[in-house]
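To keep things clear, I will list the structure first and then write my remarks on it.
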Amino acid sequence: MRKAAYLAHRQGQVLVLGLAMIAVLILAFLGMYRNGVLIGAKVKQTHAVDAASYSGALIQARALNMQAYINIAQIGHQMAMAHLVTLGSWAKWASTSGRSLSANNPPAWVIATHFGATHGQSYRRAGAALSLSTIAHQHQALHQQFIKHDEIVEKVLARVSYAIRDTMENARDKAISEVLKANYPDMTVDREGSLGTWLQGQKEQEGQHLSPSLSWHLDSPDYSRFSAVFKPRANYRSLLFEVSELYKFLGDRDFTRKSLLPVSERCPHLRHELRRRGSTFLNDQGNWQSMDTQSYHALRSNRWIGCYFREYPMGWGWVPGQSNSVPEGIDYTENPPGDFSSDDFWRWVNKATQWNILSGDSNPLANSRAISERHRWSGGGVVPYVDIVNAKQQASLNFTLSLKQTSLNGHQLVTRSRAETFFERPSYRQDKRQEMANLWHPYWQARLIGLED
C-alpha cells in the first residue's frame with residue numbers, strides 16, 4: 001500500500017521534464033530556422049550582388065570595345081575616302097591624257113621614240129579614257145560615294161561614339177538595377193538616394209510596418225577623367241599615314257624616264273625627260289587630296305638662257321577636297337596659258353613664274369592646269385575621336401556595389417561586391433612589347449575582384 005501511494009505521488013513529473021525538453025528543442029529548431037533563413041538570404045543576396053556587379057562591368061567592357069570598333073571603322077572609312085579621291089585624280093589624269101593625245105601635243109610617236117614602245121603604247125591607250133572626263137566632277141559617281149562615307153564618319157560613327165562615352169555610366173547602372181530586380185521580383189529594389197529609399201526611411205521613422213525592400217549603392221571613381229574626345233592631330237594623323245602605306249595605290253606615284261641618246265651639244269649630259277608625279281595626302285584641314293600629273297620635258301637650248309626643259313603637259317588631275325587649299329611646295333600658276341603661240345615658253349616662265357626649268361624635277365605647267373581645272377569635293381574630313389586620357393594612371397575601371405536588405409525578421413543584411421573592367425590582349429604582340437590600355441583594340445573584359453580592406 002505504501003509503495004502504491006508513493007508511485008501515485010510521483011505520477012506526471014516525467015511529463016513536465018519532457019515538456020521542458022520539447023520546449024527547448026522547439027526554441028532550438030526555431031533558432032536554426034531563423035538562422036537558416038538568414039543564411040539563405042545572405043547566400044542569395046551575395047549571388048545577386050555578384051551577378052549585378054559583373055553585369056555592370058560587362059556593360060562597361062562592351063561600351064569600350066564598341067569604342068574600339070568605331071575607331072577602327074573610322075580608319076577604314078578614311079582609307080575608303082582616300083582611295084576615292086585618288087580614283088578621282090586618276091580619272092581626271094587619264095581623260096586629260098586622252099585630250100593631249102587627240103590634240104597631238106605631244107605626239108605619241110615622240111614619246112615612243114624617246115622613251116620606248118611601252119610608254120608610247122600607254123599614251124596611245126589614253127584615248128579610250130576620254131569618257132572618264134566627268135566621273136570625278138561634283139555629284140557624280142565617285143563624289144557620291146565619297147559623300148556617303150563622309151556622312152557615316154560624321155553623322156553615324158562619331159555621334160554614336162560620343163553618345164557611348166556620355167551614357168556608359170547610366171547604361172551600367174541600369175544593368176545593375178535590372179539584374180537585382182530579376183533576382184528579387186517580389187521586392188522593391190531602389191538605389192540609395194532615390195524616392196523609394198526616402199519613403200522607406202520615412203516609414204521607419206514613423207514606426208510603420210516596413211515591407212522587405214532592397215537598396216543598392218555604388219562606389220566608383222570619376223569616369224569623366226578616364227576617356228576624352230581628342231582632336232585628330234599628330235598621333236591620329238600619323239596612324240592614318242601608317243595605314244595608308246599598306247595600300248600601294250595610295251603611295252607616291254613618282255617616276256622619271258630619260259631618253260637614251262644625247263640631245264644638245266651645249267649640255268650633253270642632259271636628256272629629254274618623261275616625269276610622272278602623283279601623291280595622295282591628308283592636308284592640314286583634315287581633308288584627303290590627290291594630284292596626278294605627267295609631262296614630257298623636251299630639252300632645249302638658246303643663246304639667251306642656255307639649256308632648259310620645255311614642258312609639254314600630257315595629263316593632269318587634282319581632287320582637293322573640302323578645303324580647296326593648294327599643297328605646300330607645289331610649283332604652279334593660277335592662270336596658265338593654253339598655248340605658247342604668242343610667246344616663247346621660256347620667256348613666259350621668266351616673266352610670270354619662279355620656276356626652275358633647268359634643274360627642277362616637277363611638272364609645274366601640268367600642276368597649273370590641274371589646279372585650274374580642279375574638282376572640289378565637299379566633306380567634313382577627319383573628326384574628333386574618343387580615347388583613354390592616361391593609360392599609365394588609370395588603365396581600368398572598377399567599382400564596389402553594396403546591397404542592403406531591410407526588414408528581414410528584424411535584421412538588416414548588407415553584402416558587397418567589387419568588379420573591374422580591364423584591358424588584356426588575348427595573345428602577345430609580335431614585337432613582344434606590352435600594349436597599354438587603349439580604345440583601338442577591342443580587348444576589354446570584365447571580372448570580379450577582391451574587396452578593398
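These numbers come from the heavy atoms of this one structure, side chains and all, not from hydrogens, waters or symmetry mates.
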**Q45 vs Y184, side chain to side chain contact (heavy atoms under 4.5 Å, CB included): CA-CA, chis, key distance, verdict** = CA-CA 9 Å; Q45 191 166 316; Y184 294 94; 3.4 Å; yes
**Message:** Does M79 have more than 12 heavy atoms from other residues, nucleotides or ligands lying within 6.0 Å of its CE?
**Reply:**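 More than 12 heavy atoms, drawn from other residues, nucleotides or ligands, come within 6.0 Å of this atom.
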**Item:** Salt bridge flag under 4.0 Å for residues R253 and D292
**Value:**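 Salt bridge: yes.
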Mind telling me whether [Y] and [X] have parallel, tilted or perpendicular rings, with 30° and 60° as the class edges?
| X | Y | result |
| --- | --- | --- |
| W440 | Y385 | tilted |
| W93 | W90 | perpendicular |
| F115 | H119 | perpendicular |

Donor-acceptor under 3.5 Å ([X] side chain, [Y] main chain):
| X | Y | value |
| --- | --- | --- |
| E311 | A366 | yes |
| N283 | Q289 | no |
| W216 | V49 | no |

**Message:** Less than 6.0 angstrom from the centroid, inside 45 degrees of the normal: does R447 satisfy that with respect to the ring of F422?
**Reply:**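 Geometry flag: set, cation within 6.0 Å and 45°.
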Residue pairs passing the salt bridge (Lys or Arg N to Asp or Glu O under 4.0 Å) test where at least one lies in [range], sequence neighbours excluded:
| range | result |
| --- | --- |
| residues 421-442 | R425-E435, R429-D431, R429-E435 |
| residues 82-94 | K92-E373 |
| residues 153-167 | none |

Return all side-chain donor-acceptor pairs below 3.5 angstrom for residues 169-181, not counting sequence neighbours, or 'none' if the list is empty.
unit_1: R172; atom_1: NH1; unit_2: Q60; atom_2: OE1; d: 3.2
unit_1: R172; atom_1: NH1; unit_2: Y223; atom_2: OH; d: 3.2
unit_1: D173; atom_1: OD2; unit_2: R191; atom_2: NH1; d: 2.8

**Request:** Sorted by first residue and then second, give each ring pair (Phe, Tyr, Trp, His ring centres under 6.0 Å) pair with at least one member in residues 56-77; sequence neighbours left out.
**Result:**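 Residue pairs passing ring pair (Phe, Tyr, Trp, His ring centres under 6.0 Å), neighbours aside: H77-H149.
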**Message:** Please tell me whether W318 and Y332 form a close aromatic pair, meaning their ring centres lie under 6.0 Å apart.
**Reply:**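 No, the ring centres sit 6.0 Å or more apart.
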**Asked** For R237, what residues pass the side chain to side chain contact (heavy atoms under 4.5 Å, CB included) criterion, not counting sequence neighbours?
**Response**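 Applying side chain to side chain contact (heavy atoms under 4.5 Å, CB included) to R237 gives F241, L282, D284.
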